[in-house]
Amino acid sequence: MSRVRLAETAGPSWVSMRSEDRLKYPMIRKNGKLERASWDEAMSLIVKKAKETRQKLTGHGIGFYTSGQLFLEEYYALALVGKAGLCTLHMSVFKLGAHDIASVDTRKATLHLAPKTGTNLALLNGIQHLLFSNGWINEEYVAEHVINRDLLQETLKMYTPARTEQITGVKAADVEKAARIIGESPSLLSTCLQGVYQSNQATASACAVNNINLLRGHIGKPGSGIFQMNGQPTAQNNRESGCDGEFPGFRNYSNPNHMQELADLWNIDYNNLPHWNQPTHVENMLNYIAAGSMEMFWISGTNPLVSLPNLQRVRELLTKPEIFVVIQDLFPTETTAIADVVLPAAQWGEKTGCFTNVDRTVHLSHKAVEPPGEARADLDIFIDFSNRMGFQDKDGNPLIGWSTPEDGFNAFKQLTKGRPCDYSGLTYAKLTGGSGIQWPCTEKEWPNGKERLFEDGVFFTDTEYCESFGHDLETGAPYTKAEYEAMNPNGKAILKACHYIPHTEMPNDEYPFALSTGRLTRHFHTRTKTGRTKALQDAAPEAKITISPQDADELGVRDGEEVIVESCRGAVQLPVLVGEIAPKNAFIPFHYGYFDAKDDRARAANELTTDAWDPVSKQPMFKGGAIRIRKCDSNTVEIHQHQTAAIRRAEANKPSATEVGDSTKRKRHIELWLGATEESIELLAKACTDLIPKLTHDLEVLSGLRILHRIATGVLKQLQPCIDKYHIDSRYGREVSVALSGTLFPWHSDDASISAYGTLATLQGLLIYLANTEGHLAALGPASQALWDAEFVEAVRKASEGIGRCQAWVKHQITARAPQTLVVPSKATWGREREKVEGDAREDEKGEESVYLLEK
Ligand SMILES: Nc1nc2c(c(=O)[nH]1)N[C@H]1C(S)=C(S)[C@@H](COP(=O)(O)OP(=O)(O)OC[C@H]3O[C@@H](n4cnc5c(=O)[nH]c(N)nc54)[C@H](O)[C@@H]3O)O[C@H]1N2
Ligand SMILES: Nc1nc2c(c(=O)[nH]1)N[C@H]1C(S)=C(S)[C@@H](COP(=O)(O)OP(=O)(O)OC[C@H]3O[C@@H](n4cnc5c(=O)[nH]c(N)nc54)[C@H](O)[C@@H]3O)O[C@H]1N2
Ligand SMILES: [Mo]
């Protein structure tokens, strides 16, 4: 098909592509307004700002926020820029694939369970409970291929059908029906998306879905499997390439071997590869902007001024005078309107690259038409930036040594060799002409891709292979390698157990409605394309709030009349759609921002939503939150939008993007912390020497304290070069260590010897004191990595090892002494308690006072 014909004849998604108001030229904010600029001007300015910011705030002062719209090769270039060029962890996307799920019609289902918003886990636990109690577990499969069965069964005990109904509102009989369908079916295909991932306990619920397939052994065979979906067209690729909260090729940031391998493949120094934590998610980047430690924010292919929760906060942060916002988009959007530099991007069809479906099928999308004006592919923009910044590998070669999508693809596939997403057998030639090939695709074993994963019941859980050591699903804390190894999955799948915990923001007297937000079939996200496609826009021209007929009666509103909707964060004014929804529930589509609003009404769903997030996945809880609703006069605008004010603020706060930023002197805090660490170790050594004369009666403790003293002084010596290097000028934190040792070791000089009880209390004091030092070092570990200072990293590692040895010894001593000291009655009393104890009858104490004992 010729290029021209394609553009003229294609369906709705092409309509917007040729839209007159596509961004065609770079723009820079000058005299308050965005003015046309050349690519050279715009890129020079970005590079200048990046260098200034790095100078002032280190590379951690720069953040990248991208989406699921770009191609694999483009994300890969961006991952290189961020992780190997600027060596920062600050890169995030909206957590989001490839299927148009939003139009699934629940009315065609055999059984439709509609749990109360935020109660997925309770329902899934209820179903799993019944799988166990009815003997619907595939015990043979579970014994051979799965771990944690018993732990899971124990957790599920309380989720009886009655209790499940009580929490979720789903009738016990329906829970039983669902479990029976699952329990008796010869196959099971499960899928979930935002009703799970953007709801309360997202990761725990997604894991519970995996559990069900595993318990039934319905995975790795025809007709069975789990599709944990992504929403956006290319969201799968930003995970594979490492632009999301991940590392390229699904590498594990907490496995040093993976990080070393990646550093070698990129030919960069291991210490420069940021891996002290998972990459920073967007809400935390906003927190850094709020705190003033991030001053450059580069957005590509996403429209946060409509799509992020708690919009007013986002608008305020992104229009702060100090923040320099770069945005790369196809269209003018709510976010480009407040940016300092706007870069016009080419979209799919105007550039070449790959994207991958949820079933791992890799497709190559060829360029068909030229982009409008001077718009450029995102790939070209990122590579241009990298070259202008002078990013290099260890041998002084350009960090990104390629310039075409195909060469980028070939570079990326080298990196995936042997990883789950193995692209090594794929080529552009192979991907052209057919309909896509699934990964893993290798030259020898699976040259045409592998149709099905896990056929042999072996999962990606080997310690050295896995992408993550997993998390405590309740707190979100990542497990360490040691904890993971102790579980020893070794290729078996891991069942994850977790209790239901209610959402933090439940409907209440003040805000009696439960809010849910999401999609309409006619629109895509912030409508930059569908809003410009007449047929779609005409079919769904305006945001409405869906409420039940009962609630409409109670509020006295009819279909089409307007209401004011408020949460504790913001308010909107919307017409009502009386529809099929449970009483005291409301739904607002999140598609409608302000770029094409006809009046001044606030209407974006995200004015209301909470920025609370799932502790593991870090996805905001868009399905949830409490609101109140009241009728208003449809002819009067009562709730005004804040977008225009944000644009005015950008104009006033940042009149000219080319001006030098704020040069207020800043103070770095690592010196203070290092000083406090030094102090805490010195006082540890001193505490040991002070204690030695008091504990002469206990030779074991006595010799132990001598060793502790030796370790503490050794640790100090190890840290000394770093202490010298960072010129500690202040002793902040001294008070804490002094006060601690004063409180923990309070005996008087005349207490010449301490009793068994006193020794135990002293050991406990030491353990608390050691935690103080441990906490200091816990912060210095990642901070020394973020300084890319290998010697410092090593010194802190050794220091932590030393303190860990001290802690192990103290704990062991406590364990050895506690039973005899605490359980066997003793005649002795101790110190300040002596008189009291002697004076009072013990029975009167009711066990409330602690009793210290000292030998007389
Ligand atoms: N037309 C269209 N298609 C799209 C998109 C689009 O914008 N428009 N976007 C794409 C993207 S990026 C994504 S992420 C996907 C999203 O696809 P979906 O996840 O299907 O989309 P949402 O509209 O967010 O729907 C969430 C569903 O979850 C239900 N739900 C809400 N809260 C809960 C809860 O607590 N428990 C349960 N069990 N269900 C709940 C809602 O009733 C709704 O049916 O769609 C993709 N496809
Ligand atoms: N309340 C609420 N909020 C939500 C959700 C919800 O359910 N409820 N869903 C969340 C979810 S799942 C998602 S995925 C997000 C989506 O939120 P966004 O990512 O903000 O939505 P889009 O409108 O897809 O934004 C993509 C932008 O990239 C541009 N673009 C398209 N292709 C290209 C390209 O090739 N290059 C460049 N540079 N730009 C391009 C488009 O013009 C558009 O401005 O919203 C989230 N926000
Ligand atoms: Mo999404």
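Note that the structure is predicted; figures quoted are calculated from it, not measured. For ligands, and for the atoms within them, numbers begin at 1 and follow the listed sequence.
- The side-chain heavy atoms of Y197 and S617, taken from C-beta on, include no pair separated by under 4.5 Å.
- Residue-to-ligand polar distances keep T333 apart from ligand 2: every N/O pair is separated by 3.5 Å or more.
- Proximity of N585 to S516: side-chain heavy atoms (C-beta onward) are nowhere separated by under 4.5 Å.
- Contacts between H523 and ligand 1, counted as non-hydrogen atom pairs separated by less than 4.0 Å, involve the backbone only.
- At least one N or O atom of G301, backbone or side chain, sits closer than 3.5 Å to an N or O atom of ligand 2.
- Considering only non-hydrogen atoms, atom 42 (O) of ligand 2 lies nearest to D329 out of L330, L515, D329.
- For ligand 1, the atoms lying closer than 4.0 Å to a non-hydrogen atom of G518 are 23 (O), 24 (O).
- In summary, the atoms of ligand 1 found under 4.0 Å from a heavy atom of S199, numbered by their order in the structure, are 34 (C), 35 (O).
- Between H523 and H591, the ring-plane angle classifies as tilted under the 30° and 60° cut-offs.
- With a 4.0 Å heavy-atom cut-off, ligand 2 is reached by the backbone of N303 and by its side chain too.
- For ligand 2, one of its N or O atoms has an N or O atom of Q69 under 3.5 Å away.
- Numbered from 1 in the order shown, with element, the atoms of ligand 1 that lie under 4.0 Å from a heavy atom of Q194 read 14 (S), 16 (C), 19 (O), 24 (O).
- Looking at heavy atoms from C-beta onward, T191 lies out of side-chain contact with L189 at the 4.5 angstrom threshold.
- Among R519, Q232, Q198, the residue whose heavy atom lies nearest to atom 45 (O) of ligand 1 is R519.
- Checking only distances, W348 never comes within under 3.5 Å of ligand 2, N or O to N or O.
- With a 4.0 Å cut-off on non-hydrogen atoms, V306 does not touch ligand 2 at all.
- For the pair R603 and Y592, the cation does not sit on the ring face, since its NZ or CZ is not both under 6.0 Å from the ring centre and inside 45° of the axis.
- For ligand 2, the atoms lying closer than 4.0 Å to a non-hydrogen atom of A345 are 36 (N), 37 (C), 38 (N).
- If you run side-chain contact (heavy atoms from CB on, under 4.5 Å) between I127 and each of I181, V175, L156, V170, only V175 comes through.
- Residue Q328 has at least one heavy-atom neighbour below 4.0 Å for each of these atoms of ligand 2: 37 (C), 38 (N), 39 (N).
- Each of the following atoms of ligand 1 lies closer than 4.0 Å to a heavy atom of F524: 5 (C), 6 (C), 7 (O), 8 (N), 9 (N).
- Here H363 pairs with F355 under the ring-ring contact (aromatic ring centres under 6.0 Å, His included) rule; sequence neighbours left out.
- Comment: R522 does not engage E542 in a salt bridge, judged by the lack of any side-chain N to carboxylate O separation of less than 4.0 angstrom.
- Under a 4.0 Å criterion applied to the non-hydrogen atoms of K351, ligand 2 contributes the atoms 34 (C), 35 (O), 36 (N).
- Residues P304 and I299 form a side-chain contact, since some pair of their non-hydrogen atoms from C-beta on lies under 4.5 Å apart.
- Listed by atom number, the atoms of ligand 1 under 4.0 Å from T521 heavy atoms are 1 (N).
- The nearest non-hydrogen atom to atom 24 (O) of ligand 1, considering only H591, H99, M621, K623, comes from K623.
- Between G118 and ligand 1, at least one pair of N/O atoms sits closer than 3.5 Å.
- Proximity to N120 (heavy-atom distance under 4.0 Å) selects the following atoms of ligand 1: 34 (C), 35 (O), 36 (N), 37 (C), 38 (N).
- Nearest to atom 17 (O) of ligand 2 by heavy-atom distance, out of P620, P344, S307, G625, is S307.
- Under the side chain to side chain contact (heavy atoms under 4.5 Å, CB included) criterion, F513 pairs with D551, L555, K584, I627, I629, sequence neighbours left out.
- In this structure, K351 pairs ionically with D378, as a charged nitrogen and a carboxylate oxygen lie closer than 4.0 Å.
- Within the 4.0 Å heavy-atom criterion, neither part of P309 lies near ligand 2.
- Under a 4.0 Å criterion applied to the non-hydrogen atoms of T117, ligand 1 contributes the atoms 35 (O).
- Comment: D614 does not engage K623 in a salt bridge, judged by the lack of any side-chain N to carboxylate O separation of less than 4.0 angstrom.
- The closest approach between any non-hydrogen atom of A346 and ligand 2 is below 4.0 Å.
- Residue P115 has no nitrogen or oxygen atom sitting less than 3.5 Å from a nitrogen or oxygen atom of ligand 1, judged on distance alone.
- The distance from ligand 2 to the heavy atoms of F331 drops below 4.0 Å at these ligand atoms: 42 (O).
- Across S300 and L78, no two heavy atoms sit closer than the pair OG-CD2, 4.3 Å.
- Under 4.0 angstrom from ligand 1, there are no non-hydrogen atoms of V196.
- Looking at E74 and N237, their side chains never bring a donor and an acceptor atom within 3.5 Å of each other.
- Checked against a 3.5 angstrom limit, the closest N/O atoms of Q347 and ligand 2 fall outside it.
- Between H281 and P620, the closest side-chain pair of non-hydrogen atoms is not below 4.5 Å.
- When non-hydrogen atoms are compared, ligand 2 lies under 4.0 Å from the backbone of T302 as well as from its side chain.
- Near L520, meaning under 4.0 Å from any of its heavy atoms, are these atoms of ligand 1: 1 (N), 2 (C), 8 (N).
- At a threshold of 4.5 Å between non-hydrogen side-chain atoms, the residues R628 and P512 count as touching.
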- request: Decide yes or no on salt bridge (charged side-chain N to carboxylate O under 4.0 Å, His left out) for R527 and E334, but give the supporting numbers first.
  value: CA-CA 11 Å; R527 288 183 313 119; E334 290 80 350; 5.7 Å; no

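- Contacts with ligand 2 closer than 4.0 Å are made by side-chain heavy atoms of D378 only, the backbone lying farther away.
- The pair R315-E607 meets the salt-bridge criterion, since a charged nitrogen lies less than 4.0 angstrom from a carboxylate oxygen.
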